[in-house]
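Here is the structure we will look at, set down as structure tokens.
Residue numbering restarts at 1 for every chain, and letters A, B, ... go by the order of the sequence lines.
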Amino acid sequence: MKLATWNVNSLAVRLPQLLDWLAAQQPDALVLQETKLTDDKFPHAALAEAGWHSAWFGQKTYNGVALLARAEPADVVRNIPGFADEQARVIAGTVAGVRVVGAYFPNGQAPGSDKFAYKMGWLQALEDWLRAELAAHPQLVLMGDYNIAPEDRDVFDPVAWAGQIHCTDEERAHFRALLDLGLHDAFRMFEQPPKSWSWWDYRNLAFRKNQGLRIDHILVSEALRSRVAACSIDKQPRRNERPSDHAPVLVELRA
DNA sequence: ATGCCCGGGTAACCCGGA
């Protein structure tokens, strides 16, 4: 079983690349972030034409998430139950017996800002919900754009980024709190090339210079841990002519 | 360096992203 996450930075712009990527990779499920589409604009017909079921949850201009799968996702949930939120950031569904949670974590902008406080509250709500969700669905994957670089080795210049957004102690403590729920970082279960990133700034020729961050993650539950066969970042779409600034991350589970 | 590049919404000396 192949699962993946991709922040497409506007599905309206990236739909052709998404269809190409789906055809090439054939994942069983893919979660998208930053679709930036209201629900009436979601391209479900084009995806259905290519053989993909979709569940989606969007808003105008910002955020927006979706879950695509070969089989129809069951028990779809939008956003964090019990957490009032104007922003469309979470979609969950069950695909082939696996609870797939796709999330676009808040950016946080800068430590001390209102947006940082919102990020902290959102992370706490996510953890509280996931504790229950894991109890109900032991086979669970949490994947998406976390906007957190968990360790210094996930940052191209950890000295310059020390204490900056995505790298603060508070954000990293929340990432560890997710691990403490019994989740495992699939990417770090394997030997990986040094300087592996999932995001590169559009500016400064950052991709060409490989200056990036690893902020897109796939965490798997304890019950799925032994099934994880591989996890990788697919840099190929970042080489496209008009790319997203994020690359997809994939995980393969044994049957 | 409050800069660089993007997408979106709108007409801005714009915002948000990361």
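The ring-ring contact (aromatic ring centres under 6.0 Å, His included) contacts involving residues 206-240 of chain A comprise A:Y146-A:H217, A:F175-A:H217, A:W200-A:F207, where partners must be two or more places apart or lie in separate chains. Listed by first and then second residue, the salt bridge (charged side-chain N to carboxylate O under 4.0 Å, His left out) pairs involving residues 186-203 of chain A are A:D154-A:R188, A:D201-A:R203 (not counting sequence neighbours).
Classified by its glycosidic torsion, B:dC13 falls in the syn category, the angle being within 90° of 0.
Hydrophobic cluster membership for A:L32: A:W6, A:V8, A:L11, A:L15, A:L18, A:L19, A:W21, A:L22, A:L30, A:L37, A:F42, A:L47, A:W52, A:W56, A:L68, A:L250 (Ile, Leu, Val, Met, Phe, Trp, Tyr linked by side-chain heavy atoms under 4.5 Å, directly or transitively).
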Once Watson-Crick and G-U wobble pairs under 3.5 Å are found, how is DNA chain B written in dot-bracket notation, 5' to 3', with | for any base paired to another strand? ....((((.....)))).
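For the C1' atom pair drawn from B:dG9 and B:dC15, the interatomic distance equals 10 Å after rounding to whole Å. Annotation: B:dT2 and B:dG8 have their C1' atoms spaced 22 Å apart (nearest Å). For the P atoms, the distance linking B:dA12 with B:dG17 amounts to 23 Å, nearest Å. Going from the P atom of B:dT10 to that of B:dC5 covers 24 Å, rounded to whole Å. Between B:dC13 and B:dA1, the distance separating the two P atoms is 25 Å to the nearest Å.
Of the inter-residue distances, the one linking A:Q25 atom CD with A:K2 atom NZ reads 4.0 Å to the nearest 0.5 angstrom.
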Heavy atoms under 4.0 Å is the rule here; annotate nucleotides 7-18 of chain B 5' to 3' with B where the base is hit, S where only the sugar-phosphate is, and - elsewhere. SSS------SBB
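A:M189 and A:V141 fall within the same hydrophobic cluster, defined by Ile, Leu, Val, Met, Phe, Trp and Tyr side-chain heavy atoms under 4.5 Å apart, directly or through other members.
Taking A:F187 as the reference, nothing meets the ring pair (Phe, Tyr, Trp, His ring centres under 6.0 Å) condition, with sequence neighbours excluded.
The pair A:R172-A:D152 counts as a salt bridge, with a side-chain nitrogen and a carboxylate oxygen less than 4.0 angstrom apart.
Here the shortest heavy-atom pairing between A:Q17 and A:R242 reads NE2-O, 2.7 Å.
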